[in-house]
Amino acid sequence: MITRRVLTAIGLLALAPFPGLARAASGGPRLAPPEPMDLDRLNALARTLRDRPYAPPPEAPASAALDALTYGPLQEIRYPPGHALFAESPYPVTFFHLGNFFRHPVKVYALEGGQAREVLYAHDLFTYPAGNPAKDVPDGAGFAGFRFQKAPAGQPGDDGDWLAFLGASYFRAAGDGAQYGASARGIAIDTAPAPGRTEEFPVFTRFYVSPAADGAVTVLALLESPSLTGAYRFVARKEPHVVIDVACTVYMRKSVERFGMAPLTSMLWYSEGMSRFLASDWRPEVHDSDGLLMQTGAGELIWRPLNNPHRLSVSAFADRAPKGFGLLQRDRAYENYIDDGFEENRPDIWVEPQGDWGRGSVQLVEIPTHQETDDNIVALWVPDDPPQAGSDRSFAYRLRWPVKEPVATDLARCVATRATKAAWLADGDRRPGRANLVRQFVLEFAGAALSGLNPETATVALTLSRGSAEEVGATWAPYGKPSPWRVFFKVYAEGPEPVEMRLQLKSGDRLLSETWAYRYDPQAPGTVL
C-alpha cells in the first residue's frame with residue numbers, strides 16, 4: 001500500500017527564481033502567473049464553493065498507464081532534488097507521482113508575499129527507468145501530492161523527507177527515527193457508518209505552500225467533499241520532534257451522521273499474544289500503533305490497547321474539554337518486531353486541542369484485517385453538537401509526532417496486554433462449555449509510582465460492564481523485579497455481548513497507574529484479544 005511507503009529523492013541542482021511560465025535554468029518546475037491568496041481569501045473560496053453543487057475532483061488522463069503504476073513501478077520513479085520547489089530553502093518541496101492508488105491530481109501553488117503561483121506538472125520533472133509505465137502519462141497529468149525534504153536536498157544532513165501530504169486529506173510526519181507510521185487526516189465524515197451508508201473521504205484539492213521561515217513551513221489547503229468544504233492552515237516545525245499547528249474552518253453543505261475532528265489513522269495487524277491466531281507470519285508483532293492514550297478534561301490518563309477484532313468495533317469515551325488523545329507505539333523493543341521495517345521507531349501522534357472543544361467523545365474504530373497493508377484503526381473526536389447544514393465550525397489543535405510518551409507522569413503505564421482461554425479451572429468450575437467462556441488476562445505495568453511497593457499488597461481495582469472477574473491479583477514480573485508488575489485475572493462472561501473493562505492499581509487511596517480500558521469480545525475466535 002503506497003501510503004505506508006515513502007519514495008525518496010536523490011541528488012541536487014540549484015534552483016533559480018521562477019520567471020513567468022519559463023522553466024528555471026536549474027530544471028525546476030514552471031510556475032503559472034501569480035494570483036492573490038491568503039487564509040482569508042481561502043476561507044472566502046471555501047464558503048463560496050459550499051454554496052455551489054459539489055463537483056468531484058477529475059481523474060488524471062491515461063488511465064491504462066495509471067493502472068500499471070502499482071507499488072513496484074512507483075518505487076522506481078524519482079523526483080530529482082534539483083527540480084525541487086524552494087530548492088535552496090532549509091526544507092525544499094518535492095512531489096509524488098500519480099499512480100494506481102492516487103489517480104486524482106491536486107493543485108499545488110508556491111505562495112510568497114501574498115501571491116500564489118501554480119506549480120505546473122511536466123513529465124520530465126521526474127526520472128523513470130526504461131520500461132516504466134509512467135512514460136505513457138502525458139504532460140499536464142498533475143501531481144498526487146508533495147513532501148518537505150530535510151536540509152537543502154542533496155546536501156550534508158539530507159536524510160529524506162519529514163512531512164508528506166498524499167491521498168484524500170491524509171498527511172504524515174516522520175519521527176525522530178526517520179520513520180513514518182500512523183497518519184492524520186483533515187476531517188472524518190461518517191466513519192464506521194450505519195448499514196446501508198458508506199464513509200465519505202473529503203479531499204484536499206489545492207495546496208498553497210510557503211518556503212520555510214523562522215524554522216517553520218506553512219501550508220494552506222482547500223478541503224472539498226459532498227458534505228462540506230474547508231480552509232486549513234498547517235504550520236509545521238521539525239525540531240525536536242515534528243509539531244504541526246492546525247487551524248481550520250469547515251463549511252457544511254449538509255448534516256452528517258458522525259463528524260470527526262482531528263482524525264488519526266493507523267495499522268494493527270497483531271500485537272503480543274495474538275500472532276499465532278491472526279497470521280501465519282514469522283514476526284512476533286506487526287503494527288504501527290499499539291494503543292490509544294487519552295488525557296481527559298479532568299486529567300485522567302486512559303490507555304486502551306488496540307485490537308484487530310473479528311467484527312467492526314466502535315468504542316466511545318465521553319469527555320468534556322479533552323486535554324489530549326493519540327495513537328501510540330508504546331512497545332519500543334526491536335526484539336518484539338525483528339523486522340527491517342523497524343516498527344519500534346514508528347512515531348506516536350498526539351492531539352492537543354486548542355480552546356474548549358466542549359462535550360463529546362474520543363471514538364476508537366477498529367476494523368478487522370488479515371494483512372498489514374490496511375489502515376484499520378481510526379481515532380477521532382466526535383462533538384455532541386456537530387455543525388449542521390449551512391453552518392460552519394472553526395477549531396484548532398496541535399499535533400505532536402514524538403517517539404517518547406507525550407504525557408509526562410510518574411503513574412505506572414500498561415506495557416503489555418495478553419489474553420488466552422483459561423488454561424485450567426478450579427474443580428468447582430469444570431462445567432460443560434465453561435472453558436470456552438473464561439478468558440485469562442495478564443497485564444504488565446511499569447513506572448516510578450510502583451517503586452518500593454509490594455504488588456501483592458496493592459489493590460487491583462477492576463470493573464466490568466457485565467460478567468464476573470475471578471482470581472484477581474498482582475505480582476512481580478519474574479524478569480523485572482521490583483518492576484514491572486504483572487496483573488492477572490480471569491473473566492467469565494456468558495453470552496455474545498462485549499465486556500467493557502477498566503482497571504487501576506492503587507495503594508490505599510493513592511493512585512498508582514493510568515486507567516487500563518479494554519473491550520473483550522466473547523465471540524472472538526480462539527484467543528484473539
Side-chain angles (χ1 to χ4, degrees), residues 271-274 276-277 290-293 300-309 313 315 317 330-331 411-431 433-447 449-450 453-529:
S271 57
E272 66 267 5
M274 301 167 64
R276 71 179 63 183
F277 304 103
D290 57 6
L292 168 67
L293 182 67
E300 181 184 12
L301 283 177
I302 302 174
W303 173 251
R304 167 59 155 81
L306 299 180
N307 222 341
N308 182 358
S313 173
S315 301
F317 300 85
R330 182 167 276 184
D331 190 338
L411 292 177
R413 295 182 170 98
C414 181
V415 296
T417 298
R418 299 180 174 89
T420 185
K421 290 182 180 179
W424 54 270
L425 296 170
D427 290 340
D429 292 330
R430 295 183 184 276
R431 299 191 297 272
R434 190 173 192 271
N436 292 326
L437 301 175
V438 177
R439 289 293 182 270
Q440 172 80 61
F441 284 83
V442 180
L443 318 179
E444 291 183 6
F445 285 84
L450 306 183
L453 299 178
N454 185 339
E456 296 178 359
T457 63
T459 299
V460 179
L462 173 64
T463 59
L464 310 178
S465 61
R466 68 180 194 86
S468 62
E470 306 168 357
E471 302 177 38
V472 181
T475 187
W476 283 295
Y479 54 83
K481 187 177 179 177
S483 180
W485 288 10
R486 180 168 287 174
V487 177
F488 48 88
F489 55 93
K490 292 177 181 176
V491 173
Y492 174 72
E494 188 171 2
E497 295 303 314
V499 181
E500 299 290 349
M501 302 183 288
R502 291 171 65 94
L503 182 148
Q504 293 177 326
L505 300 179
K506 296 182 178 181
S507 179
D509 295 331
R510 178 189 168 197
L511 182 65
L512 301 178
S513 73
E514 64 188 7
T515 300
W516 175 85
Y518 201 74
R519 170 178 283 189
Y520 158 49
D521 186 350
Q523 286 193 330
T527 61
V528 175
L529 292 184

Task: Derivation of the side chain to side chain contact (heavy atoms under 4.5 Å, CB included) call for Leu505 and Val460 - done: CA-CA 5 Å; Leu505 300 179; Val460 179; 3.9 Å; yes
Open item on the list: Contact between Leu503 and Leu462 at the side-chain level, heavy atoms closer than 4.5 Å - yes or no?
Closed with: yes
- [ ] Of all the heavy-atom pairs spanning Arg466 and Gly495, show the shortest one and how long it is.
- [x] NH2-O, 3.1 Å
TODO: Determine the minimum heavy-atom distance between Ile302 and Ala517, stating which atoms define it.
DONE: CG2-CB, 3.9 Å
Task: Closest non-hydrogen atom pair, Ser313 against Arg519 - done: OG-NH1, 3.1 Å
- [ ] For residues Ala458 and Trp485, report the shortest heavy-atom separation together with the two atoms involved.
- [x] CB-CZ3, 3.6 Å
Open item on the list: Donor-acceptor check, side chain of Asp290 to backbone of Asp331, threshold 3.5 angstrom: yes or no?
Closed with: yes
TODO: Taking the side chain as every heavy atom from C-beta outward, state whether Phe445 and Pro484 have any pair of such atoms under 4.5 Å apart.
DONE: no
- [ ] For Glu471 and Phe488, indicate whether the former's side chain and the latter's backbone hold a donor-acceptor pair under 3.5 Å.
- [x] no
Open item on the list: Parallel, tilted or perpendicular: which one describes the rings of Phe489 and Trp516, with boundaries at 30° and 60°?
Closed with: perpendicular
Task: Pro496 to Pro522 - nearest heavy-atom pair and separation - done: O-CD, 4.1 Å
Task: Pairwise distance CD(Glu300) to CD(Gln504) - rounded to 0.5 angstrom - done: 6.0 Å
- [ ] Give me the one residue out of Thr457, Asn454, Leu512, Thr459 that meets side-chain contact (heavy atoms from CB on, under 4.5 Å) with Ser507.
- [x] Leu512
Task: Closest non-hydrogen atom pair, Ser465 against Pro498 - done: OG-O, 4.1 Å
- [ ] Could you check if a side-chain atom of Leu293 sits within less than 4.5 angstrom of a side-chain atom of Arg413, using non-hydrogen atoms only?
- [x] no
Task: Lys/Arg cation over aromatic Tyr518: Arg304, 6.0 Å, 45° cone - done: yes
